[in-house]
Amino acid sequence: MPEKIPVTVLTGYLGAGKTTLLNRILTEPHGKRYAVIVNEFGEIGIDNDLVVGADEEVFEMNNGCICCTVRGDLIRIMDGLMKRKGKFDAIIVETTGLADPAPVAQTFFVDQDVSDAAKLDAVVTVADAKWLTDRLKDAPEAKNQIAFADVIILNKIDLVSADELEAVEERIRAINPYARIHRAKNCQVPIAEVLNRNAFDLDRIIELAPDFLEEGHHHHHDEDMQSVSVRHPGAVDPDKFMPWISDLTQREGPNILRCKGIVAFPGEPKRFVFQGVHMILDGDLQGTWKDGETRQSRVVFIGRNLDEDAIRAGFLSTAA
Amino acid sequence: MQTELAPSLTDNVAPLDAGAHVTAAAWLGDTVAFALGDGAVVLAKDGATHRVAAHPDGAILAAAGDGERLVTGGDDGRVAVTGRDGSTRELAATGGAWIDALALHQGGGIAWSAGKNVTARDDKGREKTYQAPSSVRGLAFAPKGYRLAMSHYNGATLWFPNLDAKPEPLEWKGSHLDVTWSPDARFLVTSMQENSLHGWRLQPDKGHMRMSGYPAKTRSWSWSHDGHWLATSGADAAIVWPFESKEGPMGKAPRECGARPAKVTRVAFHPKAYALAIGYEDGMILLVRLTDASELLVRRTAPGSGVTALAWDGAGQRLAFGAADGQAGVLRLPG
């Protein structure tokens, strides 16, 4: 299998500092060559050899999945970029400030040609420390971008007080307790914290396991966007769990932005690890349970208007 | 064709290193032109090659030849015309937007698209433009008349560039990729994002045709010389649909040729006989005769060298091929 090209999706509301971060990535002395896909061609000063203009054409797949939207222009651009294979090492997709990250992410799972050639590395969201709280109130796009993120750059911290900074971070945590947050001025963060995150790799979800939620630590719930985490201190029955997770994501898919989980099956030496975007689930047996390790099962959902009690009861009813 | 001569034709292949991903191959008389992912066009004749920098700063994304010239569209936003003598010139430039699709008219016209914008330039150089409802992925001129089919999201549109008539929409939900007319102009067929083909029976009733069951997208197809068959890629065999009757392939099973445990990536019908050249993702190329399913080996498997281009010369004596890793070659049929 040839190595798949990693793709970083860069989101953030208007004016948060996406282009600043992009240029920082591109000008670091990392020796890597990037293909950069931006939404408007000829956008202000992107210092890179290979810049591709995209038109953010989102369309539905005819696969009976109502929330399964993809970026048609990305499929087309990836097809073209593959003709230049070997001329670049990674791809960065910068979305517009008003974009929903889901269609971008889903493109890398739904389209076979794209997923054969490239893999989603992480969704990185740049947030403006001064204005994010306001945007979370009036812009659903901003909330989606926070909820979807694997990495959040909380930018422009020099423009807010320590208390304000704490408050905005609380707001972010209430929506998405799992993303890594980096406070920054002028998007000055170590590039290693942004690239090569492998956030969508199933074996990486195991690595993340230790901070994969200390359940119940975050009580500051957002009004309509929340995370639900459920833990069962033992194994679940695959004949009950698989239909449950499949049914839940099919039914609640439009509301579930991201999900992740690590569960134990009775007599199975490996963990079952899954992650998903809306209705699209990716799961596999990964990594053996260690001797003496507690074989427990955990699932996490980030979404809108999730029925926490129903999810909790549903998951616990799959206990083996 | 005298297929009984040898089970393998590999000794009749003159290999050639084109140096970069082969986007397309086309014959310009006795010269074969390879359009490449590094922006060059390599012209080969009788073992000698000549490299032309058609798109010095880009990759060639689309190319079409008419026997005299190779027209290429690049990610540099340029449309270039390269002759068999190695001369090359810029025909048009978008200012950066990728040229996604290209089509040539047998009367000398050229059409290209960049995003939603389609330009048709007739043999006298008159350019007409049309903005499609969404990005255009495929272009094809009708076999007769100066009429262009454009495939896009939720269907295709038929346009007479030099007439005032309103373009005619053909609707079908979903993302349509490439488009082709049957040689008798009775059918228009598109390939779709959802691993299927869609067809419109243009005469008499605009009936829909759905051809599904492919495990992958169809990105290559070829009509038989008499227009009775449409061979397609996208499965572990070339899927060949019957178009002989007025109804087209509806209710009929397709033929499967060259079934192997590898996906077919390119197909090209012989210009005079019921023989189909089939290129696979693992680099193999077979020549299959439709009448008795006999197979001849043209190229062995080659890792990383999936077949990306196939082209017969006009007489059907030579088959040019190209691959994702820049390997290419020309088969000369014996006899």
Side-chain angles (χ1 to χ4, degrees), chain A residues 1-5 33 35-43 46 48-66 68-88 91 103 106-117, chain B residues 20-24 35-39 57-62 73-75 77 94-101 113-117 133-137 152-154 172-177 192-196 198 212 214-217 219 234 263 265 281 303-304 306 308 324-326:
Chain A
M1 278 296 281
E3 188 93 343
K4 290 187 183 183
I5 295 169
R33 299 160 303 169
V36 178
I37 301 171
V38 296
N39 62 300
E40 286 119 18
F41 190 78
E43 208 187 3
I46 291 164
N48 197 53
D49 286 341
L50 192 48
V51 179
V52 185
D55 23 77
E56 301 215 334
E57 282 190 329
V58 174
F59 60 68
E60 282 171 39
M61 291 289 294
N62 275 344
N63 56 4
C65 162
I66 49 163
C68 195
T69 49
V70 296
R71 282 267 305 267
D73 58 324
L74 265 186
I75 296 174
R76 179 170 54 82
I77 288 167
M78 290 298 297
D79 187 37
L81 282 177
M82 285 310 114
K83 296 183 169 71
R84 283 186 179 240
K85 220 170 175 178
K87 299 284 166 64
F88 55 92
I91 297 172
Q106 289 176 160
T107 303
F108 291 89
F109 295 101
V110 169
D111 187 86
Q112 189 66 42
D113 297 331
V114 171
S115 64
D116 283 350
Chain B
H21 180 106
V22 180
T23 299
L36 306 178
D38 67 359
D57 304 315
I60 296 174
L61 301 176
D75 64 7
T94 62
W98 288 16
I99 307 297
D100 301 312
S113 69
K116 296 175 187 173
N117 299 308
S134 62
S135 287
V136 170
R137 294 289 304 268
H152 44 75
Y153 188 46
N154 284 344
W172 188 260
K173 192 170 152 44
S175 176
H176 299 257
L177 309 176
M192 294 193 68
Q193 170 72 24
E194 288 86 6
N195 302 344
S196 62
H198 192 81
S212 56
Y214 290 87
K217 288 179 214 160
R219 297 312 306 270
K263 193 175 78 186
T265 50
E281 63 183 343
T308 54
D325 62 351

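In what follows, every chain begins at residue 1, and chains take the letters A, B, ... in the order their sequences are listed.
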Taking the side chain as every heavy atom from C-beta outward, state whether A:D111 and B:Q193 have any pair of such atoms under 4.5 Å apart.
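Yes. Closest side-chain heavy atoms under 4.5 Å.
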Looking at side-chain heavy atoms only, is the closest gap between B:N154 and A:F59 below 4.5 Å?
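Sidechains of A:F59 and B:N154: no contact.
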Check [X] against [Y] and note the closest heavy-atom contact, atom names and distance.
{"X": "A:K83", "Y": "B:I60", "result": "CD-O, 3.6 Å"}
{"X": "B:G58", "Y": "A:R84", "result": "CA-NH2, 3.3 Å"}
{"X": "A:G80", "Y": "B:L61", "result": "CA-CD2, 3.7 Å"}

Region of A:D79 in contact with chain B, defined by heavy-atom distances below 4.5 Å:
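Answer is side chain: those atoms of A:D79 sit under 4.5 Å from chain B.
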Could you tell me whether a side-chain N or O of A:E57 sits under 3.5 Å from a main-chain N or O of B:S134, the two making a donor and an acceptor?
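No, because the side chain of A:E57 does not come within donor-acceptor range (under 3.5 Å) of the backbone of B:S134.
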For A:V58, is there any backbone N or O sitting under 3.5 Å from a side-chain donor or acceptor partner on B:Y153?
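No, because the side chain of B:Y153 does not come within donor-acceptor range (under 3.5 Å) of the backbone of A:V58.
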Separation between [atom1] of [X] and [atom2] of [Y], rounded to the nearest 0.5 Å:
{"X": "B:S135", "Y": "A:I77", "atom1": "OG", "atom2": "CD1", "value": "9.0 Å"}
{"X": "B:L177", "Y": "A:R76", "atom1": "CG", "atom2": "CZ", "value": "11.5 Å"}
{"X": "B:S175", "Y": "A:M61", "atom1": "OG", "atom2": "CE", "value": "8.5 Å"}
{"X": "A:M82", "Y": "B:H21", "atom1": "CE", "atom2": "NE2", "value": "10.5 Å"}
{"X": "A:I75", "Y": "B:K217", "atom1": "CD1", "atom2": "NZ", "value": "5.5 Å"}

Does any heavy atom of chain A fall under 4.5 Å from the side chain of B:D57, the backbone, both, or neither of them?
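The backbone, not the side chain.
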Go through the atoms of B:A216 and report whether side chain, backbone, both or neither lie under 4.5 Å from a heavy atom of chain A.
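No part of it gets close to chain A.
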